Every structure is written in structure tokens, then in C-alpha cells.
Amino acid sequence: AVSASQTLANTAPVIDSVTITPNPAHTADTLTANVTSHDVDGDTVTYTYQWYSNGAAIVGQYSSSLSLSFCGYRSGDSLTVAVTPHDPTTAGAAVTSAAVRIR
């Protein structure tokens, strides 16, 4: 009799791109993070979000969208979002979007 064993390793999901719409943005807009990603294992990918204003993390802003009308942002402010992909067992590397400047 012959027996063999194989250990399957999980591969972390990978973000391909993160963009913010609308771009350009205005002070009454709601921004949305648009994410494309893949997982070579075929696992379902979920995301966590962190929004930034002028390079500083915005406390409590962890969803895929950010309403500008309630936050007191001004023309000229620069906003980005960092997105981290997760499969059921592993987190991948975070990717930060290009900045969107408020007009």
C-alpha cells in the first residue's frame, strides 16, 4: 500500500485596484471606494476600510463610503482610503487609493 499526504496552504487575497468616486468631489458628495481583487484559492474576499483626510486617519470612518456633507470637509482637502482584503483565514496587504481633492 502507498500513502501520500499533502498540506494545503492558504494564500492571502490581493487587491488589484482601489479608486474613489466621484472624482472630482464636492463638499456635498458621498465618496465611494471601488475595489477589485482576487484570491488564488477562490475564497470569498471581504474588505476593511480606513479613510484619511490630508494624510490623517479619520476616526470612525471604516465603511466603503464617506459622506462629506456631515464632516466639515473644505475645498482643497485631500481624501484617500486604505483597503485591506480578507479571506476566511488570512488578511492581505492594504492598498491606498490615489487622492481625491475636494473642489
Side-chain angles (χ1 to χ4, degrees):
V2 174
S3 129
S5 67
Q6 181 177 8
T7 301
L8 300 177
N10 183 54
T11 302
V14 175
I15 290 185
D16 301 312
S17 69
V18 178
T19 59
I20 298 174
T21 53
N23 187 7
H26 298 89
T27 56
D29 288 340
T30 295
L31 302 182
T32 301
N34 305 288
V35 182
T36 60
S37 66
H38 67 278
D39 185 301
V40 297
D41 306 316
D43 295 329
T44 299
V45 180
T46 59
Y47 309 104
T48 55
Y49 303 86
Q50 175 62 68
W51 289 88
Y52 294 84
S53 175
N54 301 315
I58 305 169
V59 176
Q61 298 303 318
Y62 310 120
S63 72
S64 62
S65 62
L66 175 68
S67 175
L68 301 179
S69 61
F70 298 107
C71 299
Y73 298 107
R74 298 183 306 260
S75 179
D77 284 347
S78 178
L79 297 165
T80 58
V81 63
V83 182
T84 304
H86 303 267
D87 69 16
T89 59
T90 307
V95 173
T96 300
S97 69
V100 169
R101 191 161 303 277
I102 300 175
R103 293 188 174 182

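Starting from 1, each residue takes its place in the sequence as its number. Keep in mind the model is a prediction, meaning the values are calculated, not measured.
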Provide the closest heavy-atom pair for [X] versus [Y] in the form atom of the first, atom of the second, distance.
X	Y	answer
Asp41	Thr11	OD2-N, 2.6 Å
Ser64	Tyr49	CB-CZ, 3.5 Å
Pro85	Val83	CD-O, 4.0 Å

Worksheet entry | Contact check, side chains of Tyr73 and Leu31, non-hydrogen atoms, under 4.5 Å |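 They are not in contact (no side-chain heavy atoms under 4.5 Å apart), so the answer is no.
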Nearest 0.5 Å, please: how far is [atom2] in [Y] from [atom1] in [X]?
X	Y	atom1	atom2	answer
Asn34	Thr19	CG	OG1	4.0 Å
Thr36	Ile15	OG1	CD1	8.5 Å
His26	Ser69	NE2	OG	14.0 Å

Under 3.5 Å: donor-acceptor pair, side chain of [X], backbone of [Y]:
X	Y	value
Asn54	Asp77	no
Trp51	Ser63	yes
Asn23	Ile20	no
Gln50	Ile58	yes

Would you be so kind as to tabulate the donor-acceptor pairs closer than 3.5 Å made by side chains of residues 86-103, with sequence neighbours excluded?
{"from": "His86", "atom 1": "NE2", "to": "Thr48", "atom 2": "OG1", "distance (Å)": "3.1"}
{"from": "Asp87", "atom 1": "OD1", "to": "Asn10", "atom 2": "ND2", "distance (Å)": "3.3"}
{"from": "Asp87", "atom 1": "OD1", "to": "Thr89", "atom 2": "N", "distance (Å)": "2.9"}
{"from": "Asp87", "atom 1": "OD1", "to": "Thr89", "atom 2": "OG1", "distance (Å)": "3.4"}
{"from": "Asp87", "atom 1": "OD1", "to": "Thr90", "atom 2": "N", "distance (Å)": "2.6"}
{"from": "Asp87", "atom 1": "OD2", "to": "Asn10", "atom 2": "ND2", "distance (Å)": "2.9"}
{"from": "Thr89", "atom 1": "OG1", "to": "Asn10", "atom 2": "ND2", "distance (Å)": "2.8"}
{"from": "Thr90", "atom 1": "OG1", "to": "Asn10", "atom 2": "ND2", "distance (Å)": "2.7"}
{"from": "Ser97", "atom 1": "OG", "to": "Val81", "atom 2": "N", "distance (Å)": "3.1"}
{"from": "Arg101", "atom 1": "NH1", "to": "Gly76", "atom 2": "O", "distance (Å)": "2.6"}

Discussion item. Let me check something: do Leu66 and Tyr47 share a hydrophobic cluster, defined by ILVMFWY side-chain heavy atoms less than 4.5 Å apart, either directly or through other members?
Written reply: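 Hydrophobic grouping puts Leu66 with Tyr47.
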